[in-house]
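Counting starts at 1 for both ligands and their atoms, in listed order. Side-chain atoms are counted along with the backbone in the values below, which use heavy atoms only and exclude waters and symmetry mates.
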Amino acid sequence: MTKDTFKNLKDENKTYKNLYDGYWKESKSGKYTEIFSPIDNSLIGKIQSMNKDEVDKAIMNSKEAQVLWQEIPVNRRSDILNRAADILYEKAEELAEILTMEIAKDRKSSISEIQRSADYIRFTADAAKNLEGETIPGDSFPGTKRNKISVVTRVPLGVVLAISPFNYPVNLSASKIAPALMAGNSVVLKPPTQGAISALYLAEVFNMAGLPKGVLNTITGRGSEIGDYSVTHKEVDFINFTGSTEVGQHISRITTMKPLLLELGGKDAAIVLEDADLDITVDNIVSGAYSYSGQRCTAVKRVLVMQSVADMLVEKLKDKISKLKSGDPREEAVIITPLINKASADFVMGLMEDADKKGAKLLVGGKRDGNLVYPTLYDNVTLDMRLAWEEPFGPILPIIRIKSIDEAINIANESDYGLQSSVFTKDIDKAFYIANKLEVGTVQINNKPERGPDHFPFLGVKSSGMGIQGIRYSIEAMSRPKAVVFNLNNVE
Ligand code: NAP
Ligand code: G3H
């Protein structure tokens, strides 16, 4: 593959087009959104602001394409996905550069996002081949004879609208597209505005891998302009959304009888007991809270620590957090990078102001330079502070000191969110006791919250989401059982 492998998706002025019916097309709207890098404000390119007619055309084209795609044998769908995974691997460095510039993700994490997406696609291609239906004999139900047998297979839903967030524009697009396609659906991808360019490259990877025309179309434009129209479109059969709780709840309010998978915000707690291995705990809390500057749904967003070990934990955290390198994500070993935009940095600073006013103790950070917010740690955070409850999506961590396990459980569960929680302890009985009581999708024992490995179920409860991701779970979410009942005449 040559250097200009990706020449089709943009013109010489760095204006990116949209994938429509197998070709990269310009919008007739004549409107564009300029995408600037959060690193240095340089112009990366322009994306098209599609109008509603064009969104409609894309969805209708995907609907037509799905009819043929569902007839293609699963092993051939799988071959196409495996080719896409190969291309992603081969192009990982080039795509990571684009991702780093567009969302200010450090270089190592950008490469890892691309490679993880390739692994996800490959695993999905294999997993779908191993999915089996079932036959159910009728006579196990009272009053039914042996002459009835139900043959249950899984069939696609139709057109899946995939909406991804800025913080994983490639991976959280791939992890919707791949299982949707393997289940026999077509996909309309609405990427985040900031992150759209990286996601459009991913779409071209699927296109280059030989996906038939129209099976994957992309629509770009601000969610505030084309979002409501897309999610309420009558030919969209399933919405697979990852993003903020605010937008997720809005989608849920305005749609009627549309199946939804919503992966939303979080306020994941790390609960630290007296007997925790503090070195393991600190490593996990720091990488959990500060990687990609805290812009992860599964970031550690509060620490609930037993008073008796709090001073020791705080000292170790302070030491490690002070050593985190901040700056340009293209530089070696930089972890803390500029936040995605000014509004995000302003929001984090607002949380600090509130915490300062209410008497929290600032231990590290507390400063910004443009959109770069330095890694920040607060001790003695109390429950009247916004920092105890709100999702910062930035590099700031509150420590709340607790006196008992039940107090930790109560504070953890008082949150509106319910994505994940971590428990750090060597006592397996206490770990199970706490895990059973926490109202979250996943509890991690002695590890930071995290989505992977990607074949595990990943879900949020309460305001953190609805439905289940994870390779097999995602394929199942985007397909439904279909039963054919055989009624045999010559069997009693
Ligand atoms: P966001 O503002 O909610 O945007 C997410 C996506 O929704 C973007 O593509 C956005 O497009 C689109 N959108 C906006 N308004 C819409 C509407 N009315 N209808 C349809 N789509 C609409 O979230 P974000 O700032 O990108 O991501 C950060 C949030 O996502 C955090 O809260 C984080 O916790 C959450 N998140 C959750 C998970 C999880 O798995 N639980 C994973 C990652 C992120 P535009 O960009 O054009 O506005
Ligand atoms: O931002 C939300 C992602 O789903 C988190 O994924 O735990 O692999 O960073 P991660």
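With hydrogens left out, the protein atom closest to atom 27 (O) of ligand 1 is Pro165 CB, 3.5 Å, a heavy atom. For atom 9 (O) of ligand 1, the closest non-hydrogen atom of the protein is Ser164 O, 2.8 Å. Atom 41 (N) of ligand 1 has as its closest protein heavy atom Leu264 O, 2.7 Å. Among all protein heavy atoms, the one lying closest to atom 18 (N) of ligand 1 is Asp228 OD1, 3.0 Å. Protein heavy atom closest to atom 39 (C) of ligand 1, with residue, atom name and distance, is Cys297 SG, 3.2 Å. Shortest contact from atom 20 (C) of ligand 1 to any protein heavy atom: Gly227 CA, 3.5 Å. At the top of the distance list for atom 10 (C) of ligand 1, counting protein heavy atoms only, stands Lys190 NZ, 4.1 Å. Nearest protein heavy-atom contact of atom 14 (C) of ligand 1 is Gly223 CA, 3.7 Å.
Against a heavy-atom cut-off of under 4.0 Å, Pro192 is close to the following atoms of ligand 1: 8 (C), 9 (O), 46 (O). Atom numbering of ligand 1 starts at 1 in the shown order; those under 4.0 Å from a heavy atom of Thr193 are 45 (P), 46 (O), 47 (O). Residue His250 approaches ligand 1 through these ligand atoms, each under 4.0 Å from one of its heavy atoms: 18 (N). Ligand-side atoms of ligand 1 in range of Gly221: 47 (O), range being under 4.0 angstrom from any heavy atom.
For the pair Lys190 and Phe241, the cation-pi criterion (under 6.0 Å, within 45° of the ring axis) is not fulfilled. A cation-pi arrangement, defined by a distance under 6.0 Å to the six-membered ring centre and an angle within 45 degrees of its axis, is absent between Arg122 and Tyr89.
Between the side chains of Glu64 and Asn61, no donor N or O sits under 3.5 Å from an acceptor N or O. Inspection of the Thr15 and Asn13 side chains reveals no N or O donor paired with an N or O acceptor under 3.5 Å. Under the 3.5 Å distance criterion, with hydrogens and angles disregarded, a donor-acceptor pair is assigned to the side chains of Arg296 and Thr298. If you check the side chains of Ser110 and Thr100, you find a donor sitting under 3.5 Å from an acceptor. Counting only N and O atoms by type, the side chains of Lys448 and Ser291 include no donor and acceptor under 3.5 Å apart. Checking Ser62 against Ser186 by side-chain atom types alone, no donor-acceptor pair falls below 3.5 Å.
When only interatomic distances are considered, the shortest N/O to N/O separation between Gly243 and ligand 1 falls below 3.5 Å. Note: no N/O pair closer than 3.5 Å links Leu172 and ligand 1 by distance alone. Considering backbone and side-chain N/O of Glu391, one or more are found under 3.5 Å from N/O of ligand 1. Considering both main-chain and side-chain atoms, Gln194 never comes within under 3.5 Å of ligand 1 through any nitrogen or oxygen pair. Looking at ligand 1, you won't find any N or O of Thr242 less than 3.5 Å from one of its N or O atoms. Remark: ligand 1 and Ser464 share no N or O pair separated by less than 3.5 Å (distance only, no angle test).
Contact annotation: for Tyr168 versus ligand 1, there are no heavy atoms closer than 4.0 Å. With a 4.0 Å cut-off on non-hydrogen atoms, Ser230 does not touch ligand 1 at all. At a heavy-atom cutoff of 4.0 Å, ligand 1 is contacted by the side chain of Asn167 but not by its backbone.
In this structure, Val348 and Met352 have side chains that are in contact, with non-hydrogen atoms separated by less than 4.5 Å.
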Set out, in order, the CA-CA distance, both residues' side-chain angles and the distance that settles salt bridge (Lys or Arg N to Asp or Glu O under 4.0 Å) for Asp106 and Lys108, then state yes or no. CA-CA 6 Å; Asp106 66 85; Lys108 197 168 153 223; over 6 Å; no

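Within a 6.0 Å radius of NZ in Lys25, more than 12 heavy atoms belonging to other residues, nucleotides or ligands are found. Within a 6.0 Å radius of CD in Glu353, no more than 12 heavy atoms belonging to other residues, nucleotides or ligands are found. The number of heavy-atom neighbours closer than 6.0 Å to NZ of Lys342, taken from other residues, nucleotides and ligands shown, is 12 or below.
Residues satisfying the salt bridge (charged side-chain N to carboxylate O under 4.0 Å, His left out) criterion with Arg480, sequence neighbours excluded, are absent altogether. Take Tyr16 and apply the ring pair (Phe, Tyr, Trp, His ring centres under 6.0 Å) test, not counting sequence neighbours, and it matches Tyr201.
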Quick one: ligand 2 N/O to protein N/O pairs below 3.5 Å?
from     : atom 1 : to     : atom 2 : distance (Å)
ligand 2 : 1 (O)  : Asn167 : ND2    : 2.7
ligand 2 : 1 (O)  : Cys297 : N      : 2.7
ligand 2 : 4 (O)  : Arg451 : NE     : 2.7
ligand 2 : 6 (O)  : Arg451 : NE     : 3.1
ligand 2 : 6 (O)  : Arg451 : NH2    : 3.4
ligand 2 : 7 (O)  : Arg296 : NH2    : 3.3
ligand 2 : 7 (O)  : Thr298 : OG1    : 2.6
ligand 2 : 7 (O)  : Arg451 : N      : 2.9
ligand 2 : 8 (O)  : Arg116 : NH1    : 2.7
ligand 2 : 8 (O)  : Arg116 : NH2    : 3.1
ligand 2 : 9 (O)  : Tyr168 : OH     : 2.5
ligand 2 : 9 (O)  : Arg296 : NE     : 2.7
ligand 2 : 9 (O)  : Arg296 : NH2    : 3.2

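Among residues at least two apart or in separate chains, there is no salt bridge (Lys or Arg N to Asp or Glu O under 4.0 Å) pair with a member in residues 247-263.
Atom 3 (O) of ligand 1 is approached by the protein to below 4.0 angstrom, counting heavy atoms only.
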